[in-house]
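Computation of the quantities below employed the complete heavy-atom set of this structure, encompassing side-chain atoms and omitting hydrogens, waters and symmetry-equivalent molecules. Start at 1 with the first residue, then count along the sequence.
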Amino acid sequence: IQGSAPDRVRILVITKDVWSLRLQWDFVLSNNGVERIVLQPAETNLFGIHHTAGLTYQYLPFATSFGAYYVIPRIFTSRIGVTANVNLIVNNRTTDPEGTFGGVTVGQ
């Protein structure tokens, strides 16, 4: 770009970015009140390599779970993808841990 004087130039930098921080959510209400709340904030293009890292919060009337997950949609140039998640379940009345769940999935 032409500068303010003949011996000066300006630099124009154009970048492209994908808005990749997203919040997925779901809730269920009934006559008895809140039946379920699910919140999943996630970064869907982690470090520009199209991996997804996220957190999970799920409220149910008797228990709440907290967790994290990671998704690799393709390993190198293959069509093989990997998903891993881990979660902790907490009793809503006593706040004691009740268990865990999670898993790893590899598939094409």
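- In this structure, CZ on F27 lies 11.0 Å from CZ on R36, to the nearest 0.5 angstrom.
- Note on L29 and Y57: same hydrophobic cluster, where clusters join Ile, Leu, Val, Met, Phe, Trp and Tyr whose side-chain heavy atoms are under 4.5 Å apart, directly or indirectly.
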Stepwise, does the side-chain contact (heavy atoms from CB on, under 4.5 Å) test hold for N85 with T56? CA-CA 9 Å; N85 70 75; T56 301; over 6 Å; no
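- Considering all non-hydrogen atoms of both residues, E35 and P61 come closest at O-CD, 3.1 Å.
- L88 and P97 get closest at one heavy-atom pair: CD1-CB, 4.1 Å.
- In terms of heavy-atom proximity, L55 sits nearest to A68 at CD2-CB, 4.1 Å.
- The heavy-atom pair separating V34 from I37 by the smallest distance is CG1-CG1, 3.6 Å.
- Note on F66: it clusters hydrophobically with W25, by side-chain heavy-atom contacts below 4.5 Å among ILVMFWY residues.
- Side chains of V71 and V82 form no contact here, defined as non-hydrogen atoms less than 4.5 Å apart.
- By the criterion of side-chain heavy atoms lying less than 4.5 angstrom apart, applied directly or through intervening Ile, Leu, Val, Met, Phe, Trp or Tyr residues, L21 is not grouped with L39; the two fall into different hydrophobic clusters.
- Contact annotation: the side chain of Y69 approaches that of T52 to within less than 4.5 Å [non-hydrogen atoms, C-beta and beyond].
- Residue I89 holds its CD1 atom at 13.5 Å from CG of D96, rounded to the nearest 0.5 Å.
- Sparse packing is recorded around CG of N31, with 12 or fewer heavy atoms of other residues, nucleotides or ligands lying under 6.0 Å away.
- In the hydrophobic clustering of this structure, V38 does not group with F62; members are Ile, Leu, Val, Met, Phe, Trp, Tyr whose side-chain heavy atoms approach within less than 4.5 Å, directly or through other members.
- Of the inter-residue distances, the one linking R22 atom CZ with Q40 atom CD reads 13.5 Å to the nearest 0.5 angstrom.
- Side-chain contact check for I72 versus Y70: some heavy-atom pair is nearer than 4.5 Å.
- Remark: side-chain polar atoms of N45 are paired, donor with acceptor, to backbone N or O of H50 under 3.5 angstrom.
- V106 and F76 fall within a single hydrophobic cluster, where Ile, Leu, Val, Met, Phe, Trp and Tyr are joined by side-chain heavy atoms under 4.5 Å apart, directly or via other members.
- The backbone N or O of E43 lies less than 3.5 Å from no partner atom in the side chain of S20, so there is not a single donor-acceptor pair.
- Put simply, the side chain of T100 does not reach to within 4.5 Å of the side chain of V86, judged on heavy atoms.
- One distance of note links CG of N92 with CG of L60; it measures 8.0 Å at 0.5 Å rounding.
- At a threshold of 4.5 Å between non-hydrogen side-chain atoms, the residues H51 and P73 count as touching.
- Atom OH in Y59 sits 6.5 Å away from atom OG1 in T64 (nearest 0.5 Å).
- Nearest heavy-atom pair across R93 and N91 is N-OD1, 2.7 Å.
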